[in-house]
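Accompanying notes for the structure given below.
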Amino acid sequence: MPLVEPNSEPGSGLATGIPVRANGALHGAALHGATGWTATTTAPRRGPVAWLERALDHEQVLGYLLVAPVVVLLLALVAWPFGISVSMALTDRTIGNPGHFIGLTNIQRLLGDGIYLQTLHNTLVYTAGATILKLVAGFGLALLINERFPFRQAVRSAVLLPWIVPAALGTLAWLWIFAPSFSVLNWILIHIGLIQTGLPWLVDGNLALFSVILVNAWRGVPFFGITLLAGLQAIPQELYEATSIDGAGKLARFWYVTVPLMMPILLITLVLSIIWTFSDFQTVYALTGGGPLNSTHLLATLSYQVGIASGRLGEGAAISLTMLPVLFILVGAQIYYLRRTNSA
């Protein structure tokens with residue numbers, strides 16, 4: 001027998017004597033008739049959508065779901081090709097021939113190959129020379145564009161052009177600059193009296209290696225300049241003012257204030273530049289193709305020539321894999337430094 005609860009609030013709009021269930025809940029039909037609102041009970045949702053909603057409520061599951069696309073891309077574009085390269089380097093595979101497993105025979109042959117040893121030497125000289133040039137010129141460029149002068153924003157934008165321009169287009173311009181017959185660089189050097197005759201930039205072995213180093217440095221200086229500029233602008237000006245009051249000159253402020261505070265971003269930039277330079281391919285391949293007489297071959301270009309052009313896929317893959325120890329050391333050093341910096 002439903003109980004009847006009298007309406008104690010006049011003007012509330014509820015009819016006196018609304019039926020109420022024994023458990024205290026308003027009867028849905030009576031409440032709907034009195035107020036236009038119906039009390040309903042929603043059943044728990046089931047199925048894949050409900051499971052997904054419950055899963056997304058957990059932060060750990062949500063984190064894995066968000067990271068999953070990146071992991072899939074890395075597996076498809078990095079891990080899978082890397083695994084194929086390793087397996088190929090352990091065989092004598094050639095184009096059209098699946099080959100047989102030979103273990104580390106390709107690596108042993110390379111260690112006794114004069115061309116490979118010369119290429120390894122070229123790669124180390126190329127990486128060291130280009131990195132030093134980019135560091136010195138990039139740091140100087142960052143200090144220059146950090147000063148106040150007219151059209152500073154336009155100059156900063158123009159500085160990025162060598163980095164933005166496609167490598168093939170920039171290489172064509174440098175081919176014209178180094179051309180033996182009408183080299184604009186030779187013309188300038190002759191007219192200012194530094195040389196008497198034009199230099200064979202891409203014909204002489206030593207000059208050719210210097211030329212490709214110069215082009216790589218030209219492309220990489222903007223990266224150093226803009227990255228180090230960001231670090232310079234993060235240094236508080238109060239430190240320079242305090243050291244200036246103490247009597248420190250510009251050189252002392254640079255050595256004792258700028259360099260220590262720039263060290264973290266400087267080391268990261270150096271490691272990235274070394275990795276990119278050590279594995280560079282397009283600059284040398286477009287300028288010299290590894291010549292003359294293998295004097296400009298890098299590990300990347302030699303791997304392409306042996307593996308793709310000559311068809312010895314196993315040996316070419318082995319050449320490319322010999323870059324891994326150096327790259328692993330550099331990446332490991334960078335990760336160690338970043339972790340130590342974050343924990344400090």
Inset, instruction - Please lay out, stage by stage, how N294 and H297 fare under the test side-chain contact (heavy atoms from CB on, under 4.5 Å). - result: CA-CA 5 Å; N294 303 311; H297 255 317; 3.1 Å; yes

Legend entry - Distance in Å, H121 NE2 paired with L117 CG, rounded so as to fall on 0.5 Å steps: 11.0 Å

Inset, instruction - Tell me, yes or no, whether the heavy-atom count around Q196 atom CD, taken from other residues, nucleotides or ligands under 6.0 Å, exceeds 12. - result: no

Legend entry - Within 6.0 angstrom of L293 CG, more than 12 heavy atoms from elsewhere: no

Inset, instruction - Kindly check if the number of other-residue, nucleotide or ligand heavy atoms within 6.0 Å of OH (Y64) is above 12? - result: no

Inset, instruction - Ignoring hydrogens and angles, tell me if any N or O in the side chain of D113 forms a donor-acceptor pair with the backbone of I115 under 3.5 Å. - result: yes

Legend entry - Heavy-atom pair with the smallest gap, counting every atom of A130 and I213: N-CG2, 3.6 Å

Legend entry - Side chains of F223 and L160 in contact at under 4.5 Å (non-hydrogen atoms): no

Inset, instruction - Would you check if L110 and E315 make a side-chain contact, meaning some heavy-atom pair closer than 4.5 Å? - result: yes

Inset, instruction - Report the distance from atom OG1 of T322 to atom CG of L299, rounding to the nearest 0.5 Å. - result: 4.5 Å

Inset, instruction - Count the heavy atoms belonging to other residues, nucleotides or ligands that lie under 6.0 Å from OH of Y256, then report whether that count exceeds 12. - result: no

Inset, instruction - Please examine the side chains of I145 and L141, heavy atoms only from C-beta on, and report whether any two atoms are closer than 4.5 Å. - result: yes

Inset, instruction - Taking atom CZ of F149 as the centre, report whether more than 12 heavy atoms of other residues, nucleotides or ligands fall under 6.0 Å from it. - result: yes

Legend entry - Side-chain cluster (under 4.5 Å, hydrophobic types only) that V67 belongs to, other residues: V71, L75

Legend entry - Distance-only donor-acceptor check, side chains N122 and T119, under 3.5 Å: no

Inset, instruction - Evaluate the side-chain proximity of P222 to V159: yes if any heavy-atom separation is below 4.5 Å, no if none is. - result: yes

Inset, instruction - With sequence neighbours excluded, tell me which residues meet ring pair (Phe, Tyr, Trp, His ring centres under 6.0 Å) with W218. - result: W174

Inset, instruction - Would you check, one step at a time, whether the test side-chain contact (heavy atoms from CB on, under 4.5 Å) holds for L185 with L189? - result: CA-CA 6 Å; L185 182 58; L189 295 177; 4.3 Å; yes

Legend entry - Any donor-acceptor N/O pair, T227 side chain to F224 backbone, under 3.5 Å: no

Legend entry - M262 vs I235 side-chain heavy atoms within contact, under 4.5 Å: yes

Legend entry - Aromatic contact, F139 with F254 (centres under 6.0 Å): yes

Legend entry - T91 side chain near H100 side chain, heavy-atom distance below 4.5 Å: no

Inset, instruction - Decide yes or no for N146 and Q233: does some side-chain heavy atom of the first lie under 4.5 Å from some side-chain heavy atom of the second? - result: yes

Legend entry - Qualifying residues under salt bridge (charged side-chain N to carboxylate O under 4.0 Å, His left out), relative to R219, sequence neighbours excluded: none

Inset, instruction - Decide whether T288 and T296 meet the rule of one side-chain donor and one side-chain acceptor closer than 3.5 Å. - result: yes

Legend entry - Pairwise side-chain contact, L321 with L324, heavy-atom cut-off 4.5 Å (strictly under): yes

Inset, instruction - Answer yes if the side chains of Y240 and T258 hold a donor-acceptor pair under 3.5 Å, and no otherwise. - result: yes

Legend entry - Distance-only donor-acceptor check, side chains Y304 and S320, under 3.5 Å: no

Legend entry - Atom OH of Y116: over 12 foreign heavy atoms under 6.0 Å: yes

Legend entry - Check against side-chain hydrogen bond (donor to acceptor under 3.5 Å, both in side chains), K134 and T277: CA-CA 11 Å; K134 286 184 284 189; T277 307; 2.7 Å; yes

